[in-house]
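A note on names: the letters A, B, ... follow the listed sequences, proteins ahead of strands, and every chain is numbered from 1. Computed from a prediction, not measured in an experiment: that's the story for all the values here.
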Amino acid sequence: MSLIVIFLSIALVNNLVFMKFLGICPYLGVSKKTDMAFGMGLAVTFVLTLSATMTWIINNLVLVPLNLEFTKYIAFILVIASMVQLVEMYLRKFYKALYQSFGIFLPLITTNCAILGTCLFIDLWGYNFMEAVVAGFGGGLGFTLAICIMAGIREQLELADVPRALEGAGITLVTAGILTLAFMGFSGMVR
Amino acid sequence: MAPLALEFASYLISTPLTLLVIGLVFTIMLTIAHHRLQVEVDPRVTAVREALPGANCGGCNYPGCDQFAEAVASEEAPPAACVVLGEEALQQIADIMGIEASAEAPKRAVIHCGAHCDERQGRTEYRGDSTCLGMNLVAGVQACTYGCLGLGDCADACPFDAIEIVDGLPIVDYVACTGCGNCVGACPRGIITLKSMIDDPLVVVACSSRDAAKATRASCKVGCIACGLCARARPETFAVKNDLCTIDYTPETYKQTGDQEAAIIKCPTVCLRLVGTKILDPHEQVEEREREKAAKAAAKAAAKTKKDAEAKADA
């Protein structure tokens, strides 16, 4: 499968948020403002690309030859946690404003299921190294797309006349559902 | 059976070993990154932050003490911008920053209303949301449209527990008050201001009514009726503007509270009151004045009866 198809597949057709329902917590939690959402999306993209690469290497060069694939959950979490730490240090050094605006969310990427999920999917789909890198990057961009669309809609919703019973979490979940329906239009175009 | 047991044993060793090695590799990587990417924090920021009160009251117009400490360290804000700081802490921060501590009179909250519930006329029962903000929206809850409503939004807003509501009137504890100004914003009627405590005690106007004398009289027993007696006694300090007494707090003209004595005793509605660290309840001054008045009246009556008796005896 060509790399472009893999990229489009994971970014749009098999979008992590809309199709796999992964990474819902930051998708609902950090999508109040577009700039925050974009920052979160970029952080996830960065961590996901790094993690996908690293977990592929660890999985295929260490775990598979040693016949220890059953430990991949623990090993992957170890890798992801380390990557998040690395990104956090990097941001604190070079992008202080972004680091401050993330606050608690950056460490929370460690427990973001979108990242572990993608790493496990890459292994499940049997991608080679380049495919894994592209899938990680595409998955991150797909997440960024999803969270930015959501944030844009929620910014507009602030001003909208929402029925009282649906204010807050209610209307957000309704919006998320309708967005997912829209993305269903892509389904089946790529495996 | 034997090969299976052997295989199991080999996994038992290889699994933790592999994970340990992976963990070690990442530990080393992160340690290197930690040293390479270490951020140098200005030690003065930490030192200033520790000297600050840490109440995050927002009186300095920064979101919290952390941001204010950074602003002070980068010489963006003067340490005195923190209204909560005591003299000692201010000096400490000035020492950290190597600058002179400016000694300005601290600001304190002053309530410009002096009427207890029974002194306010035309009060009706209010059963709505029990905040001043809500009560203020309802017309006719109280005849005075300027004065305190007494539900204590200011006391709720105070992060230092310096305001207590006594019989529908906030009493500021000037020992606890730091002048952060949270109460000023909380009062829907805007009757709280921050005044520089250039003297302790300080004379303040305990009324906000800008109604004409007759209307004020009708709505409150202790409202300022803009009679101007204070201004006549001490024209350099007191003035009547918009049917309300005002005080000029410029240190040159104000000088000392004791100088204002002549004007204070002239005030017929006891609107000029002393507030300060030694005065627990400024409203006591009203009661004191009433006692004095009663004593005077009694003395006068006694003198009159004596005179009458003498006149009778003469006749």
Side-chain angles (χ1 to χ4, degrees), chain A residues 33 36 43 46-47 49-104 106-107 109-110 115-116 119-120 123, chain B residues 2-46 48-49 52 54 56 58 60-77 129:
Chain A
K33 279 188 184 151
M36 273 279 279
F46 191 49
V47 174
T49 313
L50 266 177
S51 304
T53 314
M54 290 303 289
T55 50
W56 191 91
I57 293 170
I58 300 264
N59 191 35
N60 286 281
L61 299 187
V62 181
L63 300 182
V64 172
L66 287 173
N67 225 355
L68 288 174
E69 280 163 298
F70 63 90
T71 60
K72 70 182 172 203
Y73 288 84
I74 304 174
F76 284 11
I77 287 172
L78 202 69
V79 175
I80 293 164
S82 310
M83 286 301 130
V84 172
Q85 284 291 311
L86 205 64
V87 171
E88 196 177 345
M89 286 182 203
Y90 183 80
L91 283 183
R92 195 173 58 199
K93 174 94 175 171
F94 297 108
Y95 302 97
K96 193 142 186 271
L98 193 63
Y99 173 76
Q100 279 173 343
S101 68
F102 275 143
I104 185 70
L106 198 58
I109 297 179
T110 316
I115 293 175
L116 181 64
C119 294
L120 291 172
D123 180 42
Chain B
L4 196 65
L6 207 67
E7 202 186 336
F8 182 71
S10 81
Y11 274 129
L12 216 56
I13 299 164
S14 66
T15 310
L17 209 66
T18 315
L19 288 176
L20 203 69
V21 169
I22 295 174
L24 267 178
V25 170
F26 279 113
T27 311
I28 293 165
M29 202 174 79
L30 283 178
T31 315
I32 295 169
H34 179 71
H35 286 288
R36 279 283 188 80
L37 298 174
Q38 206 162 34
V39 180
E40 287 204 9
V41 180
D42 189 346
R44 292 182 304 178
V45 174
T46 333
V48 170
R49 175 65 190 80
L52 287 173
N56 292 319
C60 55
N61 286 329
Y62 285 89
C65 292
D66 287 338
Q67 287 80 3
F68 181 66
E70 266 173 38
V72 170
S74 58
E75 285 167 27
E76 199 179 289
D129 179 32

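Evaluation of the side-chain contact (heavy atoms from CB on, under 4.5 Å) rule for Leu78(A) yields Ile22(B) as partners, not counting sequence neighbours.
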List, with distances to 0.1 Å, the donor-acceptor pairs found between chain A and chain B - the cut-off being under 3.5 Å and no angle criterion applied.
| residue | atom | partner | partner atom | Å |
| --- | --- | --- | --- | --- |
| Asn67(A) | O | Tyr11(B) | OH | 3.3 |
| Lys93(A) | NZ | Gln38(B) | O | 3.3 |

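Residue pairs meeting the salt bridge (Lys or Arg N to Asp or Glu O under 4.0 Å) criterion with at least one partner in residues 22-31 of chain B, sequence neighbours excluded, do not occur; the list is empty. Residue pairs meeting the salt bridge (Lys or Arg N to Asp or Glu O under 4.0 Å) criterion with at least one member in residues 49-66 of chain A, sequence neighbours excluded, do not occur.
Pairing each heavy atom of Met89(A) with each of Leu30(B), the nearest pair is CE-O, 3.9 Å.
When the shell of 6.0 Å around CZ of Phe70(A) is examined, it contains more than 12 heavy atoms from other residues, nucleotides or ligands.
Contact annotation for Ile58(A): only side-chain heavy atoms (C-beta onward) come within less than 4.5 Å of a heavy atom of chain B.
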